[in-house]
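What follows is one structure encoded as structure tokens, with my remarks underneath.
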Amino acid sequence: MALTTSLTASMSVTSLRESRVLKTTTYRRKQRVKQQQQQPQRRVQAFFGNFSHFGDVVRRDMDFLKKGVQRGVEWANETFRIPQAKKAVDDVVWLRNLEDPNFSPPAQPPLWPQPYYPALSGMDLMMADLKALEAYVSYFYYQSKKWSKPLPEAYDAEEVADYFSHRPHVVAFRLLEVFSSFASAAIRIRMAGLKKSLRPGSSKDIDDNLSQYNFGMVLKETMLSLGPTFIKGQNVSQAYQYASYMHLLADAVGQSLSTRPDIIGPEISKALSELHDQIPPFPRPLAMKIIEEELGSIGSFFSYISEEPVAAASFGQVYRGCTLDGSDVAVKVQRPNLRHVVVRDVYILRLGLGLLQKIAKRKSDPRLYADELGKGLVGELDYTLEAANASQFLDAHSHFSFMQVPKVFQHLTRKRVLTMEWMVGESSTDLLSITTSSSIKHGSKYLERQKVDAKRRLLDLVNKGVEASLTQLLETGMLHADPHPGNLRYTASGRIGFLDFGLLCRMEKKHQFAMLASIVHIVNGDWSSLLQALTEMDVVRPGTNIRRVTMDLEDALGEVELKDGIPDIKFSRVLGKIWSVALKYHFRMPPYYTLVLRSLASLEGLAVAADPSFKTFEAAYPFVVRKLLTENSAETRKILHSVVVVLNRKKEFRWERLALFMRVGAT
């Protein structure tokens with residue numbers, strides 16, 4: 001028995017040893033395989049350097065420092081009252097303390113005293129010196145009074161130039177700020193390109209998308225850092241002619257870029273879309289102070305105002321509130337000291353255009369475009385004008401059931417505060433983000449259905465937006481002057497709502513018919529008739545070679561092909577070609593023309609992001625046909641004749657055009 005027990009124990013020890021040896025051998029084999037697998041990666045890291053750990057440490061340190069600095073800044077602001085000191089310094093720099101609202105220049109400004117040396121007695125010389133001293137004092141007193149002249153309430157180029165001629169340091173500081181901001185942006189973009197070229201083993205497509213997104217982020221941050229004029233200025237359509245059509249042609253900077261992902265790419269558009277909804281707000285105490293300065297005690301008018309703004313724009317921000325009688329309202333408050341900042345930037349733009357005129361030796365004065373821009377921007381700073389515009393827009397479009405315009409509370413509106421009815425609805429950017437979202441998991445039928453429903457609502461919003469643009473153009477003649485997607489809402493009842501009425505554009509009846517004709521001619525590809533319509537709108541300059549312009553349009557666009565009876569061409573492409581010809585022949589683009597085309601192009605950009613097969617002409621043509629068939633006038637009969645009698649380049653009758661018109665008219 002003892003022998004059996006001993007043998008069993010010996011076998012157990014032997015098995016245990018063999019098991020341990022086997023485990024050790026297996027572990028060592030796995031380690032060798034792992035080392036062999038990691039050897040190429042170590043070679044790459046040895047060559048390029050492994051910066052991942054270093055990068056993580058630096059990133060954590062930077063986050064810690066940012067939080068510490070932010071807490072320190074908040075403590076310093078509260079303890080040392082830095083915002084109040086900053087405002088005082090700002091007033092000194094701008095010489096606001098010297099400005100006199102009741103300033104009135106003397107009728108006859110004194111002249112610089114002239115030398116006076118007659119051969120007179122000592123008493124006469126002393127009296128002459130006293131007179132000269134009096135003249136010097138009078139002259140310097142007059143010069144000093146110029147510092148007390150305030151910035152004009154309405155934009156006037158000469159008065160603005162006179163104001164800033166006595167404040168050259170303000171202009172110099174701003175120029176330095178603009179140049180340094182764009183130089184910093186250029187350096188950041190260049191450094192990002194260098195980092196991409198040094199990054200090993202990365203996908204080209206991913207790098208390109210990342211580069212575009214980073215470029216958009218840098219551009220967005222630059223616009224935000226430079227202030228409201230750079231964010232808003234590119235959206236002011238009231239900057240007639242050059243400012244408007246250059247905006248449409250290039251979509252150079254700012255908010256309008258974010259509405260055209262089909263032109264600038266989805267990554268840049270995604271970065272710039274924050275210009276609509278993520279402009280940093282200014283502090284609430286400042287906003288409440290402005291409301292009290294304009295209206296009086298807040299408690300006398302409102303029972304509630306939200307703690308945080310529901311939206312922040314370039315010129316102001318909006319709070320949700322409730323009046324004493326229970327009405328839900330939107331309270332729009334203007335940013336402080338905005339007029340000085342905006343007019344200063346417009347003045348700098350005017351100086352730049354004047355310099356450009358001298359360098360390019362142009363006969364026309366491009367500074368006029370800066371003046372139009374200044375008038376539009378300064379006009380938007382008076383909320384009483386916006387309230388009047390909103391009321392007029394509501395009266396003109398109240399009987400169109402698919403449109404909704406909020407009413408204005410006139411007794412709660414002043415120059416820097418605007419109170420309007422609260423509009424409940426989805427923004428087009430929210431609908432677009434849901435429609436194009438790629439985060440929906442496979443098998444989630446509810447989320448997939450939600451995405452499809454958002455796409456349906458977005459396309460319905462676009463179709464109603466196209467009809468609303470044509471209604472304003474062809475029916476009422478009163479156009480919303482800032483029709484970017486951030487100012488549109490889709491209500492629960494399926495109506496399109498409009499916001500922001502800082503600028504309206506009104507057009508004459510003859511121009512309405514000319515615009516109607518131009519849309520028909522674009523659809524038909526009848527470029528000679530299009531130029532005739534543009535001439536009636538005073539777009540084509542006198543003396544322009546119409547035949548040569550027509551040939552350029554035909555070469556650029558050719559005959560528009562039909563697909564299922566609808567022009568198979570993107571509106572943005574037609575617009576770009578027409579704009580290139582317009583620039584070549586120096587067309588004079590009226591504001592209503594650029595507003596409508598800009599609105600349709602912006603809506604097409606939204607729709608194409610959700611449905612690449614969307615065609616603006618398909619959405620707009622039924623409205624045009626209905627207008628031609630229901631209005632009996634000499635102008636519409638003339639346009640109708642041009643629709644029916646359509647010939648191609650070979651002078652052959654185009655039956656498909658007539659068939660399209662009849663089919664659309666029948667429906």
Side-chain angles (χ1 to χ4, degrees), residues 236-248 368-369 372 375-376 389 392-393 395-397 400 465-483 501 503-524 526-544 546 549-550 553 571 574-575 578-579 581-582 585-602 616-617 620-621 623-643:
V236 177
S237 303
Q238 199 71 0
Y240 303 119
Q241 301 177 7
Y242 179 85
S244 294
Y245 73 73
M246 281 302 290
H247 170 87
L248 280 171
L368 297 176
Y369 307 131
E372 292 293 343
K375 291 175 183 177
N389 288 341
Q392 293 175 21
F393 195 83
D395 294 340
H397 301 91
F400 294 99
V466 171
E467 186 173 358
S469 299
L470 296 174
T471 297
Q472 297 168 45
L473 171 70
L474 304 176
E475 296 287 345
T476 64
M478 184 178 294
L479 279 71
H480 190 288
D482 198 4
F501 302 90
L503 290 172
L504 291 182
C505 180
R506 298 166 179 83
M507 58 186 301
E508 301 176 20
K509 196 69 176 177
K510 66 175 184 177
H511 292 155
Q512 290 180 260
F513 287 118
M515 276 297 298
L516 176 63
S518 67
I519 295 174
V520 171
H521 299 323
I522 289 175
V523 173
N524 288 335
D526 188 357
W527 309 123
S528 60
S529 298
L530 173 62
L531 286 174
Q532 183 179 352
L534 294 178
T535 304
E536 293 174 0
M537 288 187 288
D538 301 325
V539 172
V540 181
R541 294 179 179 274
T544 302
I546 302 297
V549 178
T550 304
L553 281 175
F571 182 80
V574 176
L575 181 61
I578 294 176
W579 248 239
V581 175
Y585 292 98
H586 306 289
F587 285 2
R588 298 175 297 193
M589 308 306 289
Y592 58 82
Y593 196 82
T594 55
L595 283 175
V596 173
L597 298 184
R598 173 187 167 192
S599 178
L600 294 177
S602 179
T616 303
F617 293 118
Y621 203 57
F623 184 90
V624 174
V625 173
R626 184 169 74 241
K627 178 73 174 177
L628 291 175
L629 293 177
T630 56
E631 182 166 333
N632 185 18
S633 64
E635 290 83 359
T636 53
R637 287 195 297 271
K638 180 180 178 182
I639 300 171
L640 193 59
H641 181 269
S642 68
V643 173

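These numbers come from the heavy atoms of this one structure, side chains and all, not from hydrogens, waters or symmetry mates.
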> How far apart are the C-alpha atoms of Thr636 and Ser633, what are their side-chain angles, what is the distance that settles it, and do they pass the side-chain contact (heavy atoms from CB on, under 4.5 Å) test?
Replying inline: CA-CA 5 Å; Thr636 53; Ser633 64; 3.0 Å; yes

>> Regarding Arg626 and Glu631, does a basic nitrogen lie under 4.0 Å from an acidic carboxylate oxygen?
In response: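 Judged by the 4.0 Å cut-off on N to carboxylate O distance, Arg626 and Glu631 do not form a salt bridge.
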
> Are the side chains of Phe623 and Val466 in touch, meaning some heavy atoms are under 4.5 Å apart?
Replying inline: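 Not touching, per the 4.5 Å side-chain cut-off.
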
> Taking side chain as C-beta onward, heavy atoms only, is Glu635 less than 4.5 Å from Lys509?
Replying inline: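 Answer no - side chains too far apart.
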
> Should the pair His480 and Phe393 be assigned to parallel (<30°), tilted (30 to 60°) or perpendicular (>60°) ring geometry?
Replying inline: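 Rings of His480 and Phe393: perpendicular, over 60°.
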
Reported [atom1]-to-[atom2] distance for the pair [X] and [Y], which is rounded to 0.5 angstrom:
X: Leu553; Y: Tyr585; atom1: CG; atom2: OH; answer: 8.5 Å
X: Leu531; Y: Thr550; atom1: CG; atom2: OG1; answer: 4.0 Å
X: Leu534; Y: Met515; atom1: CG; atom2: CE; answer: 9.0 Å

Of all heavy-atom pairs between [X] and [Y], which one has the smallest distance, and what is that distance?
X: Gln512; Y: Glu475; value: NE2-N, 3.6 Å
X: Lys627; Y: Leu474; value: NZ-O, 3.3 Å
X: Glu536; Y: Ala514; value: OE1-CB, 4.2 Å
X: Ser518; Y: Leu530; value: CB-CD1, 3.6 Å
X: Gln472; Y: Leu479; value: OE1-CA, 3.3 Å

> Could you go step by step and tell me if Val540 and Val549 meet the side-chain contact (heavy atoms from CB on, under 4.5 Å) rule?
Replying inline: CA-CA 10 Å; Val540 181; Val549 178; 6.0 Å; no

>> Run Leu628 and Leu516 through side-chain contact (heavy atoms from CB on, under 4.5 Å) and show every step you take.
In response: CA-CA 9 Å; Leu628 291 175; Leu516 176 63; 3.7 Å; yes

> How far apart are the C-alpha atoms of Met478 and His397, what are their side-chain angles, what is the distance that settles it, and do they pass the side-chain contact (heavy atoms from CB on, under 4.5 Å) test?
Replying inline: CA-CA 9 Å; Met478 184 178 294; His397 301 91; 4.3 Å; yes

